[in-house]
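Remember, it's a predicted structure, so these values are computed and weren't measured experimentally.
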Amino acid sequence: MDKLIGLVSSPQQSATPAVAAQALNRAAQKRGTTLAVETRSALGVQDPLSLAQISAAHSVLIAAEVGAEVDETPFAGKTIHRVSLDDAIREADAVLARVASSSTANASASTQAASAAASSAAGAAPRTLKIVAITSCPTGIAHTFMAAEGLAQGAKSLGHEIHVETQGSVGAQNRLSDEQIAAADLVVIAADTQVDKSRFRGKRLYETGTKGAIGKGAALIERAIAEALIEGGVSSGTQAAAQQSGMAGAALADQVAAAKKQRSAKSSGPYRHLMTGVSFMLPFVVAGGLLIAISFALGGIYAFDDAHKGTLAWALFQIGAKSAFALMVPVLSGYIAYSIADRPGITPGMVGGMLAASLGAGFLGGIISGFLAGYTALLISRKLKLHRNLEGLKPVLIIPLVSTLVVGLLMIYVVGTPVASALHGLENWLRSMQTGSAVTLGLLLGAMMAFDMGGPVNKAAYAFSTGLIASQVYTPMAAAMAAGMTPPLGIALATWIFRNRFVLDEREAGNAAAVLGMAFITEGAIPFAARDPMRIIPACVVGSAITGAISMAAGVELKVPHGGVFVLPIPNAVTHLGMYVVAIAAGTLVTAVAVGLLKRPLSASAAAASA
C-alpha cells in the first residue's frame with residue numbers, strides 16, 4: 001500500500017469527490033496505512049500529489065465517473081487501476097483489497113516491465129498529446145494570430161495534436177468546444193490580456209505571453225509539458241471543514257448547477273442573446289436601486305431636489321439614478337449585440353442603447369437596438385472581404401463606423417418614436433391598473449416564475465419586470481422576486497412538515513433549498529421537480545401565483561431586481577414591507593401544503609430505509 005497513490009476526479013461535482021476521497025482514506029487506515037489522495041472537483045484541486053509522491057508510487061488508483069476523461073499524463077509508466085465513484089464510496093475496503101492483491105500478484109512482472117521500459121526509454125517515441133490553446137493580445141490583430149500560428153507549427157513539429165482559439169478584435173474564432181477541452185492533456189494560454197480560465201479547471205495549464213509563441217512554438221510547448229500545473233489547485237485541507245459539514249447542501253448545489261448548465265447549453269438564438277444582455281445589466285440596476293433607496297432614507301423622497309444639492313443624499317441620488325440607471329439600457333443593448341457579434345457588436349449596441357434611452361424608447365428600444373447592432377456587425381464581419389493587409393481595419397474602423405451609422409439612423413428615423421409610444425402606453429396602463437387587473441397580472445407573473453424555475457418562461461417574466469424598473473414602474477419586480485422565492489421555500493417547508501413524503505437525502509437537501517429560496521434562486525427547486533414533476537411543478541405554480549397576486553394587490557414596489565430577503569431591511573428598497581412578507585409567507589405555505597397533498601407517503605420499506 002505504501003506504493004499506491006489515489007486520484008478522485010469529478011470536476012462537475014463538489015460533494016461526491018470529497019466523500020469518495022474520505023472513504024478511501026478510512027479504508028486505508030483500517031489496513032494500517034495511509035493513502036495520499038488528490039481530489040479534483042468543482043471546488044478545485046485539494047491535496048495535490050507532489051512529484052515526489054508520484055515518482056515513488058508503483059500504482060495509481062483513479063476513481064471517476066464511468067467513461068469520464070481523466071488526465072493520466074503525470075502517471076506515465078505507472079499501473080493504473082480505474083474504479084467508479086460509487087464503488088469508491090460504497091466498497092472502499094474491497095477496492096483497496098483488490099488493488100493490493102493485484103499489485104502483489106504482478107510485482108515481479110511489474111519490475112521486469114519497468115526495467116524493459118527504462119532500457120528502451122531513450123529510443124521510444126513520446127506519446128502524442130492533445131493540446132488546446134488560447135492566444136490573445138490587447139489590439140487583437142497581429143500578435144494574436146502570429147502566436148496561434150507559432151503554436152500550431154510547434155505542436156506539429158513535435159507530433160502533437162493542437163486546437164487554438166484566437167481571441168482577437170473580431171471576437172473569438174475557432175472556439176474550443178467542451179469536448180475538445182475535456183479530451184485535452186494540456187492547456188496553453190499565450191496571451192497579453194486577461195483570459196477566463198474557468199473552463200480549464202482540473203486541467204494541466206501553462207500560461208505565458210504571446211512573445212514566446214511567435215517563432216518559438218515548439219520550445220514553448222516543450223516547456224509547457226514540463227512546467228504545467230493543475231488549474232484550480234489549492235493547498236491541502238483549506239476547504240475540508242466546509243465539505244464535511246455541508247455535504248447535503250453541496251449535493252443540491254451540484255444538481256442546481258448541472259441543471260443551469262444543461263439549460264444554458266440548450267438555449268440558443270435570440271433568447272440566449274437577450275439573457276446575456278440582462279445578466280450584464282443587472283449589477284447596474286442593483287447598485288442604482290440601492291443607492292436611490294439609501295438616498296431617500298437619508299434625505300426623504302425629494303432628496304434629488306436642488307434644495308438638497310451638495311448633501312450626501314443628493315450625491316447618492318446622482319450616482320444611483322443619474323449614472324447607474326442611465327447606463328442600464330445602453331449596457332443591455334451593448335451586451336445583446338456582444339452576444340451576437342462578439343466585441344465588434346459592443347460599440348453599435350451601446351450607441352443604439354443610448355439613443356433608445358434619449359428617445360424615450362426605454363428597455364424595449366434597447367432590446368431592439370441590441371439585436372439590430374449585433375446582426376449588423378455580424379453581417380459586415382462575415383460578408384465584407386478585404387485584402388489580408390487591410391483586414392486589420394475591419395474591427396477598429398469599418399465595423400464600428402458602418403454598424404453604428406446604420407443602427408443610429410434606424411433608431412432615430414424608424415424605431416425610436418413608435419417604440420417610445422408603445423412603452424409609454426404600457427407604463428400608463430400599469431400605473432392605472434385597478435385591483436382586479438393588478439391581481440390578474442400578479443397571478444400571471446407568479447405562475448410564469450414557477451412554471452419552469454429559471455427556464456425561458458421564468459426569464460421572460462423576470463426580464464419584463466426588470467426592464468420596467470428603468471421606467472420607474474416597480475410593482476411587477478416585487479411580484480416577480482417574491483414569486484421566484486416561493487418554490488424552494490415551499491418545498492423546504494414541505495420537507496419539514498411532511499417528512500414521510502421525502503427520502504432522507506431530500507429532507508437534508510431541503511435545508512439548502514431554503515437558503516437558495518431566501519436568496520431568490522428559484523433553481524433550488526429544480527432537483528425536486530425533476531424527480532416528481534407532475535406533483536411538484538403544479539404545487540409551485542399555485543403558490544407562486546398567489547404570492548404574485550397578493551404583492552400586486554397590495555401595491556408593493558421593489559426598486560432592486562435581486563437579493564431576496566437580504567434587501568428587505570434596506571430602507572425604501574421595498575414599500576409595504578409587511579404585506580410583502582405576508583405575500584411570501586402565504587405562497588410558501590400554500591406550496592408546502594399543495595406538495596403534501598399531491599405527494600404520496602413513502603412505502604414502508606422506503607420509509608424504513610430513509611429513517
Side-chain angles (χ1 to χ4, degrees), residues 134-141 144 165-177 191 193-199 263-265 267-287 324-357 361-384 392-408 410-411 415 456 459 462-463 466-467 470 561:
I134 291 179
T135 62
S136 179
C137 69
T139 57
I141 300 174
T144 299
E165 174 183 313
T166 55
Q167 296 185 359
S169 55
V170 294
Q173 296 179 326
N174 302 321
R175 192 181 296 272
L176 298 173
S177 67
T193 59
Q194 187 67 33
V195 172
D196 179 18
K197 294 180 284 188
S198 60
R199 291 186 287 171
R263 278 183 173 166
S264 177
S267 64
S268 61
Y271 170 74
R272 179 170 62 85
H273 304 320
L274 175 61
M275 288 304 106
T276 299
V278 170
S279 67
F280 278 96
M281 178 186 73
L282 281 181
F284 294 87
V285 184
V286 173
F325 266 27
L327 289 170
M328 283 169 47
V329 176
V331 168
L332 171 66
S333 177
Y335 280 96
I336 289 174
Y338 168 77
S339 177
I340 297 168
D342 217 295
R343 282 192 282 180
I346 292 182
T347 299
M350 290 279 191
V351 173
M354 286 292 292
L355 287 169
F363 81 98
L364 291 179
I367 292 172
I368 294 173
S369 68
F371 282 103
L372 280 175
Y375 286 115
T376 301
L378 185 64
L379 181 66
I380 298 171
S381 177
R382 288 182 176 178
K383 299 299 183 182
L384 180 62
L393 291 176
K394 279 174 60 176
V396 297
L397 174 61
I398 298 173
I399 296 177
L401 174 62
V402 176
S403 58
T404 301
L405 177 63
V406 171
V407 172
L410 286 173
M411 290 300 297
V415 176
K459 288 294 189 290
Y462 182 69
T466 304

- When rounded to the nearest 0.5 angstrom, what is the spacing between CD1 in Ile368 and CZ in Phe363? 10.0 Å
- Task: Could you tell me the separation between the CD1 atom of Ile380 and the CD1 atom of Ile398, rounded to the nearest 0.5 Å?
- Result: 9.0 Å
- Gln167 backbone acceptor or donor facing Ser136 side chain under 3.5 Å: yes
- Item | Gap between atom CG of Leu378 and atom CD1 of Ile399 - 0.5 Å precision | 9.0 Å
- Message: Ignoring hydrogens, what is the shortest heavy-atom contact between Thr276 and Ser279? Give both atom names and the distance.
- Response: O-OG, 2.7 Å
- Item | Whether Ser333 side chain and Gly349 backbone form a donor-acceptor pair below 3.5 Å | yes
- Residue list, side-chain contact (heavy atoms from CB on, under 4.5 Å) with Leu176, at least two apart or on another chain: Val132, Ile134, His163, Glu165, Gln180, Ile181, Arg199, Phe200
- Message: Quick check for you: to the nearest 0.5 Å, what is the distance between Ile336 atom CD1 and Met281 atom CE?
- Response: 8.5 Å
- For Thr347 and Ser403, run side-chain contact (heavy atoms from CB on, under 4.5 Å): C-alpha distance rounded to whole Å, both residues' side-chain angles, the deciding distance at 0.1 Å, then the answer. CA-CA 8 Å; Thr347 299; Ser403 58; over 6 Å; no
- What are the two closest non-hydrogen atoms of His273 and Ser339, and how far apart are they? ND1-OG, 2.7 Å
- Query: So do the side chains of Ser369 and Leu355 get within less than 4.5 Å of each other, counting heavy atoms only?
  - Reply: no
- Query: Who passes ring pair (Phe, Tyr, Trp, His ring centres under 6.0 Å) against Tyr338, sequence neighbours left out?
  - Reply: Tyr335
- Task: Quick one: closest heavy-atom pair of Phe371 and Ile340, and the distance?
- Result: CD2-CD1, 3.7 Å
- Message: On a heavy-atom basis, which atom in Gly345 and which in Ala337 lie closest, and how many Å separate them?
- Response: O-CB, 3.1 Å
- With a 4.5 Å limit on heavy-atom distance, are the side chains of Leu372 and Val415 in contact? yes
- What do the steps show when you test Leu332 against Val278 for side-chain contact (heavy atoms from CB on, under 4.5 Å), and what is the final call? CA-CA 6 Å; Leu332 171 66; Val278 170; 4.1 Å; yes
- Note on the structure: When every non-hydrogen atom of Gly365 is compared with those of Ala356, the smallest separation belongs to C-CB, 3.6 Å
- Check whether any side-chain N or O of Thr466 sits under 3.5 Å from a backbone N or O of Ala463 as a donor-acceptor pair, and report yes or no. no
- Compare every heavy atom of Gly374 with every heavy atom of Ala341, then report the nearest pair and how far apart it is. CB-O, 3.4 Å
